[in-house]
Amino acid sequence: LVAGPIERPQNIFPQFKEIKKFNYNTAKLGLQLMAWGLFKKVVIADRLALFVDEVYGHPENFESISFWVATFFFTFQIYCDFSGYSDIAIGAALVMGFRLMKNFHNPYFATSIREFWTRWHISLSTWFRDYLYIPLGGNRVSKPRVYFNLFFVFLVSGIWHGANTNYIIWGALHGFYLIFGLLTFNYRNNILAFFGINNDSIPMRFANATITFLLVMIAWIAFRADYTLKYFSYVLIDKLADSGEIFSTPMNDNYIRKFVYMGQGLTEFTYAILLIIFLMVVNAFQEKQSLRYLINQQITPVRWALYVTSLLIFIYLGVFESDAQFIYFQF
């Protein structure tokens, strides 16, 4: 109810009329999903928040390298925070016998902005598609009108998050990305064909995914920045764009400790990087096979060894002293 998944009445209303009986397998799947969501929130998102909050909260104390790292970390923080919440919500509903729609599907593996929005906050993006984009005419109108429809929808999605400048910029950026991608689609394909490059090859898919990730990461700056255009331009222009000192400043211990590790130390920084790698490895595996299905196929001792190991990691790496709530609770 607070942050989604945003269910359709035709899916959720009939379920209220069903007689609910306890089902062990369904409850187990729901609890596993809740545990994974809680892990993403407490262990990954809240740990990355230690770096992000320090840099974005005190921009005058940090150099551009800190903002690049903090922005990279925030890209994964907001994903783990919101997808973790969604997993907990979907899992809790499943324990009680209710089936909610999937809200995330490895969005950072998307090879285009358009694909990104079929993987990120799926319940909201499909809601805007069905109730705003299509009624406006969708893609059944002239090309200029299609571009207007796309830009307008993403502008509204920005305002939906809050009537603040930073959210409007975030929505406008994604609208611009989509329109630019459509305008240059044929040109890009012709260039690739001229050089004999297959756009579906693994190197090109990796390149496209990397470019998409960078574009999304830049847009997240507006989402994380303070509520003013001045702050956003300060972060983007004065900090991120002025990156020459990364190559000109000697990388001594004091510089690395303050600006690369952002005052958190090598151990905390290493944990943050390893957790991001772990997350991406799990997501890559999930692209091909359900990890929960694989775990459930193991014998009982193996399953419980995995559970206990996960619990120990959760206790050791979890950030429990923070009073941080879920990011999307503010919208």
What is the ring orientation for [X] with [Y], classed by angle as parallel under 30°, tilted 30 to 60°, or perpendicular over 60°?
X: Phe51; Y: Phe269; result: perpendicular
X: Phe13; Y: Phe16; result: tilted
X: Phe74; Y: Tyr56; result: tilted
X: His174; Y: Trp170; result: perpendicular

[Y]/[X] salt bridge by N-O under 4.0 Å criterion:
X: Asp130; Y: Arg8; answer: yes
X: Glu287; Y: Arg205; answer: no
X: Asp87; Y: Lys102; answer: no

Task: Criterion ring pair (Phe, Tyr, Trp, His ring centres under 6.0 Å) on Phe213 and Phe116, from CA distance to verdict - done: CA-CA 9 Å; Phe213 177 85; Phe116 172 81; 9.5 Å; no
How close do [X] and [Y] get, counting heavy atoms only, and between which atoms?
X: Gly138; Y: Asn149; answer: O-ND2, 3.2 Å
X: Glu7; Y: Leu100; answer: OE2-CA, 3.0 Å
X: Tyr133; Y: Asn139; answer: OH-N, 3.4 Å
X: Ile169; Y: Ala222; answer: CG2-CB, 3.8 Å
X: Asn103; Y: Ser123; answer: OD1-OG, 2.7 Å
X: Gln298; Y: Leu294; answer: NE2-O, 3.0 Å

Test of understanding: clusters of I, L, V, M, F, W, Y form through side-chain heavy atoms closer than 4.5 Å, transitively. Do [X] and [Y] belong to the same one?
X: Leu33; Y: Leu31; value: no
X: Val95; Y: Ile295; value: yes
X: Tyr24; Y: Met96; value: no

Which donor-acceptor pairs under 3.5 Å do side chains of residues 307-314 form with protein atoms, sequence neighbours excluded?
from	atom 1	to	atom 2	distance (Å)
Tyr307	OH	Gln32	NE2	2.8
Thr309	OG1	Ala305	O	2.7
Ser310	OG	Leu306	O	2.8

Donor-acceptor check, side chain of [X] to backbone of [Y], threshold 3.5 angstrom: yes or no?
X: Lys41; Y: Gly84; value: no
X: Thr75; Y: Thr71; value: yes
X: Arg303; Y: Gln297; value: no

Under a 4.5 Å cut-off applied to non-hydrogen side-chain atoms, are [X] and [Y] in contact?
X: Met101; Y: Ile12; answer: no
X: Met204; Y: Asn198; answer: no
X: Asn283; Y: Tyr79; answer: yes
X: Trp117; Y: Phe128; answer: no
X: Lys28; Y: Asn296; answer: yes
X: Tyr167; Y: Phe223; answer: yes
X: Ile88; Y: Trp36; answer: no

Task: For Phe185, ring pair (Phe, Tyr, Trp, His ring centres under 6.0 Å) partners two or more places apart - done: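 By the ring pair (Phe, Tyr, Trp, His ring centres under 6.0 Å) rule, Phe185 matches no residue at all.
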Open item on the list: Is it the case that the ring center of Phe329 lies less than 6.0 angstrom away from the ring center of Phe326?
Closed with: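 Yes; Phe329 has its ring centre under 6.0 Å from that of Phe326.
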TODO: Inspect the surroundings of NZ in Lys143 and state if more than 12 heavy atoms from other residues, nucleotides or ligands are less than 6.0 Å away.
DONE: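 No.
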- [ ] Can you establish whether the number of heavy atoms outside Arg114 located under 6.0 Å from its atom CZ is more than 12?
- [x]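 No - once you tally the heavy atoms of other residues, nucleotides and ligands closer than 6.0 Å, there are 12 at most.
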Open item on the list: Can you see whether Phe82 has Lys40 sitting over its ring - NZ or CZ less than 6.0 Å from the centre and within 45° of the normal?
Closed with: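 Because its charged atom misses either the 6.0 Å distance or the 45° angle limit, Lys40 does not stack over Phe82.
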- [ ] Look up atom CG in Leu317 and atom CG in Leu274, then write down how far apart they are to the nearest 0.5 Å.
- [x]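 Taking CG in Leu317 and CG in Leu274, the distance rounds to 9.5 Å.
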- [ ] Report the residues that fulfil side chain to side chain donor-acceptor pair (under 3.5 Å) with Asn23, sequence neighbours left out, ordered by chain and then residue number.
- [x]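 Side chain to side chain donor-acceptor pair (under 3.5 Å) check on Asn23 returns Thr26.
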Open item on the list: When you compare the side chains of Gln77 and Asp81, does any donor N or O come within less than 3.5 Å of an acceptor on the partner?
Closed with: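 There is no such pair between these side chains.
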